[in-house]
Trainee: 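Pasting a structure here, questions to come.
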Amino acid sequence: MFENVISFIQLVYKTKNFIPLHEPKFTGNEKKYLDECIDSGFVSSVGKFVDEFEEKIASYTGAKYAISTSSGTSALHISLLLADVGRGNEVITQPLTFVATCNAISYCGAKPIFIDVDRDTMGLSPISLKEFLENNTRVINQQCVNNITGKVIKACIPMHTFGHPCRVDEIKEICDKYHIILIEDAAESLGSFYKNKHTGTFGKMGVVSFNGNKIITSGGGGCIITDDENLAKKAKHLTTTAKVPHKWNYMHDMVGFNYRMPNLNAALLVSQLESLDNFIDKKRKLADTYREFFNGIGCKFVKESSQCISNYWLNTIILNNKQQRDIFLEESNSQGVMTRPIWTLMNKLPMFKGMQCGDLTNSEWLENRVVNIPSSVIL
Ligand SMILES: *Cc1c(COP(=O)(O)O)cnc(C)c1O
């Protein structure tokens, strides 16, 4: 049934062998910098590559500060702690996200509230957010209180799905009005811009991931970006065991975390950053090729929305229904063309069942139809 799609993907990647969904590419200075790092002896949590990476990623995204971390998940955890999210608080997010977003909320002892996404961006819907807040909350002493649970909604984490920016400026306006701190999960959207501003720089803090499957990778790693000097200092402190700088004393002034990015990983990442513009260029060309093909056969291909520049991290098609989706997943994967459905909605996972939800019509619609197709950079 999907023979034409499968053979087109094989044609694009010029192989009938296994085609992964997204594989990393190391074609620049990776080995050189890694050698340099090993030779220096500074392979762990201090070293020049960590500093260099933080400067470069800040400059690339236009954020004033960047703090490297051991993963995107740990960056989310620290951002939430810095937003003062704690036991008994609530945090709004979308049900259509990777589980890490909600895990980080749980690490703080807080609970997620799930609000629907827009169908076109697949990211948090400002209309649904506004409607939920209007109907279910009130602002008391500059805090947003949930009428149903009586708990304070401290933060909101929209996610830029597969690299496509969500309507984050509208979301920010609503969050500001309700005294909710905006943290963007930009784990998938390095190199994606909304209204010419990098994703992750609209909120108080933004989080990027450099896991192996992301657009550039440090093997494992992440970072927090922010314009707030005070938050940046606190983030560095918290992620580095809260050690008070001193020539020799071991003095720690709070319970900190070992969430540092090792210099080895940063060395890899500095090189990957040098390739980022080229990767994005190639990925956008791949998306053009796919878009033309899928338009031609009447299958919906997800395009960047207006005023968005997407990194097209994972290319996405939308099938007519769940049955068709399952047939496509079966046929493509059995022929070595790796495809994947979108995540099971977070409110359906055992640990997040029973959490408060808005109307989730769009999320459920997308859950049954979205498939990611091979998206590795073709050099
Ligand atoms: C990858 C990802 C994360 C987590 O990043 P890790 O570096 O794997 O911990 C968080 N949120 C989203 C949406 C992601 O895709």
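Values in this document were obtained by computation on a predicted structure and should not be read as measured data. Note that ligands are numbered from 1 as they come in the structure, with each ligand's atoms numbered from 1 the same way.
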Trainee: Return yes if some donor-acceptor pair links the side-chain N/O of Asn263 with the main-chain N/O of Phe49 below 3.5 Å, else return no.
Mentor: yes
Trainee: Does the pair Lys48/Asp51 count as a salt bridge with the N-to-O cut at 4.0 Å?
Mentor: no
Trainee: Is Glu304 paired with Arg284 through a side-chain N to carboxylate O contact shorter than 4.0 Å?
Mentor: yes
Trainee: Answer yes or no: does an N/O atom from Ser209 fall short of 3.5 Å to an N/O atom of ligand 1?
Mentor: yes
Trainee: What protein heavy atom sits nearest atom 11 (N) of ligand 1, and how far off is it?
Mentor: Asp185 OD2, 2.8 Å
Trainee: Any atoms of ligand 1 less than 4.0 Å from a non-hydrogen atom of Ala100? List them with their elements.
Mentor: 3 (C), 4 (C), 10 (C)
Trainee: Near Glu188, which atoms of ligand 1 are under 4.0 Å from a heavy atom of that residue?
Mentor: 13 (C), 14 (C), 15 (O)
Trainee: Of Val207, Thr73, Leu314, Thr69, which has the heavy atom at the shortest distance from atom 4 (C) of ligand 1?
Mentor: Thr73
Trainee: For atom 12 (C) of ligand 1, which candidate among Ser71, Ala187, Gly72 provides the closest heavy atom?
Mentor: Ala187
Trainee: With side chains defined as the heavy atoms from C-beta onward, is the minimum distance between Thr361 and Asp116 less than 4.5 Å?
Mentor: yes
Trainee: State which residue, out of Glu3, Glu330, Gln10, Lys16, fulfils the side-chain hydrogen bond (donor to acceptor under 3.5 Å, both in side chains) condition with Gln335.
Mentor: Glu3
Trainee: Does a salt bridge link Arg167 with Asp120, judged by any charged N lying under 4.0 Å from a carboxylate O?
Mentor: yes
Trainee: Is any N or O atom of Lys214, backbone or side chain, closer than 3.5 Å to an N or O atom of ligand 1?
Mentor: yes
Trainee: For the residue pair His22 and Trp313, does the interplanar ring angle fall in the parallel (under 30°), tilted (30 to 60°) or perpendicular (over 60°) class?
Mentor: tilted
Trainee: Counting from 1, what ligand 1 atoms have a heavy atom of Met159 closer than 4.0 Å?
Mentor: 13 (C)
Trainee: Which of the numbered atoms in ligand 1 are below 4.0 angstrom from a heavy atom of Gly221?
Mentor: 7 (O)
Trainee: Within 45 degrees of the axis of the six-membered ring of Phe279 and under 6.0 Å from its centre: does Lys25 put its NZ or CZ there?
Mentor: no
Trainee: I'd like to check which ligand 1 atoms, numbered from 1 as shown, lie under 4.0 Å from a non-hydrogen atom of Asn211.
Mentor: 7 (O), 8 (O)
Trainee: So is Gly220 in contact with ligand 1, going by heavy-atom distances below 4.0 Å?
Mentor: no
